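Below: the structure, in structure tokens.
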Amino acid sequence: MANDNNKFQAIISHCKEYGFIFQSSEIYDGLSAVYDYGQYGSELKKNIRDDWWKWMTQLHENIVGIDAAIFMHPTTWKASGHVDNFSDPMIDNKDSKKRYRVDHLIEGFADTLPEEASKALVNKMEQLLAKEDFAGLKSLIEENKIKCSVSGTCNWTDVRQFNLMFATEFGAVSGENDDNMVYLRPETAQGIFVNFLNVQKTGRMKIPFGIAQVGKAFRNEIVARQFIFRMREFEQMEMQFFIRPGTQKEWYEYWKEERMKWHLGMGIPADKYRFHDHVKLAHYADAACDIEYNFPIGFKEVEGIHSRTDFDLRNHQEYSKKKMQYFDNDLDANGKPYGNYIPYVIETSIGLDRTVMMVLSEAYEIQDLSTADKEDSRVVLKFPPKLSPIKLAILPLVKKDGLPEIARQLMDECKGSFRCFYEEKDAIGKRYRRQDAIGTPFCITIDHQTKEDGTVTVRYRDSMTQERIPMSAVKGMVEKAIAS
RNA sequence: GCGGAAGUAGCUCAAUUGGUAGAGCGAUAGCCUUCCAAGCUAUAGGUUGCGAGUUCGAGACUCGUCUUCCGCUCCA
């Protein structure tokens, strides 16, 4: 594990040194838990995003994509439950330093009381919570002598509010008026739900169908750490799949399998993954699990698959007074149309930044290439070709005798089709290693023989072997590799 | 948010009880051409994270602050 932790550190260093990921605003000491993608990281991230998008929308005929705004009407977050569930009053025990959600603490204590006293206490608490009376909550805890389970003391801090949504002012005129406040979306899902009818009607979508979206979301995490695992600004790739009520179990299982296929399609072995079923379900779910990947620091969530019932659409119907129903013309067992209903939803939601980290972790390898004569090693990123930031490096063996000119011809032929990199400086071996470090799958070397017979050397990243192929075959070879 | 550790060039690390901040790798330019990093020459890069304090003198000591990592906590 210690080694694995070193590997994680090494990957972080590598990300910075080779232009994948930088800390945001680094020249000003950085901003906590905010990161920027560099020249290769942004390409990698884009390739993953594009692959997901293509797989979800192009290859699933009944899924369409949208791109909703980050700002949404404030009522959205009341309907979604985020205003209530995302800003929990917390309290700390000064002796044990343990932090509790106030409602959890009081409810836990209430469970130990006789039924009547318990109900009375919970009622009282709920009244205070509704009024956001933090002082009252604290005295409630103190009156009942509720103790910390760790320290056994009643030495509490004041009750404090932690709002995990970022708020900002809408409109140019600032003021104390709360009406101006909007939130940066804490999840992308709601942009899909509020557009459910728009897409269903204009796209003439028939259930079951899905709406996919990729975009930024923002959470004011109390503790945001572990590199790009938990950032305050992050990118989600998610899809809401609308289904007939009662069919959620089978579709939930379907999407668990289907999403795993995408993961395995990146060439990552199955034993690096596991499903983690949620025992404690979120306020909106009737079943939920995570797809976890075995990072160098252990299994961590990459993707969540949730059976969200009709929670979201039903609440939006209630708050907006707009009917969120769908008329199902399919015939049931009695030969009658299923008729109107609010669809149930299966959600697949994957963190793009975590996926980048996953792909990097899987690809990163330090290889010892030492021989009896000399020590040698290389760092190689074994990305699947379709995800590599650079697909092809074109390297004239020497920068004279007309070799650069030939290399430039190949460059012109290929660069319209995929990302290429041209370099004529330094020894050829050094150039190969530099490409290994950014995960370029193919290097083409132009040498003197090219002038005679039009063949070039292709050097493969993973095996480090090389072979001669006609220069005219290069483009096709790369295109074939990145299509699979 | 609590506790612990750390922060010196792009990277890895030096710098004697407190006495002028260095090296290797890397980078850039040129030379040399040799299909797996290390041939030659030259050049650039640091208010030692930042700000105070102690001192004749601080990279080192003290305090504050920022950032990162680890443990707890949180994770709809």
Side-chain angles (χ1 to χ4, degrees), chain A residues 1-2 5-6 8-10 12-14 16-19 22-35 77 80-88 90-101 104 150 157 160 162 164-165 186-187 189 219-227 229-230 278 280-285 288 290 297 300-301 304 306 308 311 349 351 367 369 371 374-380 395-401 403 424-437 443-449 456-461 463-468:
Chain A
M1 198 64 197
N5 199 33
N6 289 344
F8 188 62
Q9 298 301 327
I12 293 172
S13 302
H14 191 85
K16 190 196 168 186
E17 193 171 355
Y18 287 92
F22 308 119
Q23 187 168 20
S24 167
S25 321
E26 196 184 5
I27 61 167
Y28 294 110
D29 280 342
L31 190 60
S32 185
V34 185
Y35 291 90
W77 307 113
S80 70
H82 284 86
V83 171
D84 290 335
N85 289 298
F86 232 62
S87 54
D88 304 315
M90 311 284 276
I91 192 165
D92 294 4
N93 184 277
K94 288 181 188 167
D95 298 316
S96 66
K97 310 294 185 194
K98 207 167 149 51
R99 168 171 298 158
Y100 297 88
R101 270 175 63 167
H104 288 179
V150 174
T157 63
R160 286 174 293 180
F162 290 86
L164 298 184
M165 285 195 287
E187 64 172 24
R219 296 182 191 179
N220 213 345
E221 301 283 359
I222 301 167
V223 178
R225 251 193 333 219
Q226 285 181 311
F227 199 43
F229 271 98
R230 183 165 310 170
H278 289 203
K280 209 183 99 193
L281 293 170
H283 60 272
Y284 55 67
D290 298 333
I297 51 173
K300 297 270 178 197
E301 175 189 353
H306 308 120
R308 291 183 80 128
F311 177 89
S349 175
Q367 293 179 338
L369 304 173
T371 59
K374 63 167 186 176
E375 282 187 21
D376 194 9
S377 69
R378 69 165 181 163
V379 173
V380 56
L395 317 168
L397 186 61
V398 295
K399 57 178 165 185
K400 61 177 186 183
D401 303 334
L403 301 189
E424 59 189 31
K425 202 178 149 43
D426 292 320
I428 192 69
K430 185 179 253 184
R431 283 181 271 170
Y432 286 157
R433 300 298 174 85
R434 271 202 284 254
Q435 294 304 312
D436 289 341
C443 293
I444 295 294
T445 302
I446 314 293
D447 59 15
H448 293 93
Q449 194 183 329
V456 296
T457 304
V458 51
R459 181 268 193 185
Y460 300 102
R461 177 194 64 197
S463 63
M464 298 176 74
T465 55
Q466 41 195 34
E467 60 182 311
R468 287 203 83 86

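Basis for what follows: all heavy atoms, side chains included, without hydrogens, waters or symmetry-related copies. Protein chains get the first letters and strands the later ones, always in sequence-line order, with residue 1 at the start of each. Computed from a prediction, not measured in an experiment: that's the story for all the values here.
Here the P atom of nucleotide C32(B) and the CD atom of Glu424(A) are 14 Å apart, to the nearest Å. Remark: C1' of U34(B) and CG of Leu403(A) are 13 Å apart, rounded to the nearest angstrom.
Nucleotide G10(B) has C25(B) as its partner under the Watson-Crick or G-U criteria, with both atom distances under 3.5 Å.
Looking at Asp447(A) and Arg468(A), a side-chain N of the basic residue comes within less than 4.0 Å of a carboxylate O on the acidic one, giving a salt bridge.
Across C2(B) and U65(B), the matching P atoms stand 10 Å from one another, rounded to whole Å. Distance noted for atom C1' between U12(B) and U16(B): 23 Å (whole Å). If you take atom C1' in U43(B) and the same atom in U54(B), they sit 41 Å apart, rounded to whole Å.
Between U33(B), C35(B), C11(B), one nucleotide has an atom nearer to the side chain of Lys16(A) than all others, and that is C11(B).
Syn is the classification of G45(B), since its glycosidic angle stays within 90° of 0.
In this structure, the side chains of Lys16(A) and Phe22(A) come closer than 4.5 Å at one or more pairs of heavy atoms.
Side-chain N/O atoms of Gln466(A) and base N/O atoms of C35(B) include a donor-acceptor pair closer than 3.5 Å. Put simply, the side chain of Arg434(A) and the base of C36(B) share no donor and acceptor less than 3.5 Å apart. For a distance-only test at 3.5 Å, the side chain of Arg433(A) qualifies as a donor-acceptor partner of the base of C36(B). Taking only distance into account, the side chain of Ser13(A) never meets the base of C11(B) through a donor-acceptor pair shorter than 3.5 Å.
Between Ser32(A) and Arg378(A), the residue anchored closer to the 5' end of RNA chain B is Arg378(A), taking for each the nucleotide with the nearest heavy atom.
Judged by distance alone, the side chain of Asp401(A) and the main-chain N or O of Leu403(A) form no donor-acceptor pair under 3.5 Å.
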